[in-house]
2 protein chains.
Amino acid sequence: MAQGHDIAIALRGAYLALHRRSESAFAAHGVTADQFVLLATLSRGGHALTQRELARRMSSDPSTVRAMLVLLEQRGLVGRDAHPTDARARAVALTARGERAFRQLWTASEPVREQVLGALQPDEAETFVRLLARVAHRLNPESVPVGGPTPSHSPEE
Amino acid sequence: MAQGHDIAIALRGAYLALHRRSESAFAAHGVTADQFVLLATLSRGGHALTQRELARRMSSDPSTVRAMLVLLEQRGLVGRDAHPTDARARAVALTARGERAFRQLWTASEPVREQVLGALQPDEAETFVRLLARVAHRLNPESVPVGGPTPSHSPEE
DNA sequence: TATTGTTATACTCTATAACTATA
DNA sequence: TATAGTTATAGAGTATAACAATA
């Protein structure tokens, strides 16, 4: 019988394995796994995001995201322009150089994604994501809704 | 269709939610979630562990574990005695005070484990742990074997 | 020779609280 | 009043490499 502690430890173990594997995949490119997640979130976003929205989507904190953005901005991978309609906000987006870098990073991390996917049957992958989302949602209702990131649910922004 | 990236992001989201929830459960006790994992690993170990074995069991790094042990030793929660048969090694164990603290921490984190468990049906919990272990094992064969921690496999040490 | 642990070192992520500017 | 972001600050965890002692 899997108890709460067993689940927590297994979840931790799987995440840390993923994180380490990702770190070594990105190390040669001078980028961390978390920075990759940030870049991927911007790339998937389709358009510029506010720092707050970026933090929410990557399960992070606005203040943490800011620190990461400063590093990435210094390297010219992201830009923070004035927000078109809200003078308080910043519109964060990948620069052209950031997009190029992201494509390289995506390729470099292909083996990691293949390993993850290779550990699961197609139906298991679906189940896995569903259970992960349920657990995340239970622990933090602010997180992405259970059905997964449903772009049809909330059209935009 | 869940792709590798979706799985990775979902795994990250679930872990970070668990981590934050745990941090706030432990904050009042002046202990971090990772320190709790260390204490729990010692408590579950049944006997003293070497730093290396401790690091392996908690999916961590010997050098990281040492830094954590220094902090916990200063607070009198763990002891590092000479290893009985290997003069190079240290035998790490909870002190009496550490055991008391751990029992308190265990109680303080009960709600977190209940939330995790409450998000899953009993059979789903089994499946979840199994899939997590498979993914972890694929990403890092050094980690705990798929069937779970099989103490029958390697008797001791 | 290989292994256990230490030391030094550096850096990212994390997060709170007080603050400014704007909605 | 509430929100977006900044700043200052602090600390934990992470990990590498060189090293000593022991197996």
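Letters go in sequence order (proteins before strands), and every chain restarts at 1.
- No side-chain donor-acceptor contact under 3.5 Å links Q51(B) to the backbone of V92(B).
- Mapping heavy-atom proximity under 4.0 Å, the span of DNA chain C touched by chain A runs 5' to 3' from dT12(C) to dA23(C).
- Comment: R57(A) engages E53(A) in a salt bridge, judged by a side-chain N to carboxylate O separation of less than 4.0 angstrom.
- For T107(B) and R103(B), the side-chain atoms include no donor-acceptor pair closer than 3.5 Å.
- Between R44(B) and D6(A) there is a salt bridge, since at least one side-chain N of the basic residue sits less than 4.0 Å from a carboxylate O of the acidic one.
- Looking at R20(B) and E23(B), no side-chain N of the basic residue comes within less than 4.0 Å of a carboxylate O on the acidic one, giving no salt bridge.
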Quiz prompt | Summary of protein contacts for nucleotides 5-15 of chain D, nucleotide by nucleotide, where a base hit scores B, a sugar-phosphate-only hit scores S (4.0 Å, heavy atoms) | solution = SSB----SSBB
All N/O donor-acceptor pairs, side-chain side in residues 58-70 of chain B, below 3.5 Å, sequence neighbours left out:
residue	atom	partner	partner atom	Å
D61(B)	OD1	S63(B)	N	2.8
D61(B)	OD1	T64(B)	N	3.4

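- Under the 30°/60° scheme for interplanar angles, the aromatic rings of H5(B) and F36(A) are found to stand perpendicular.
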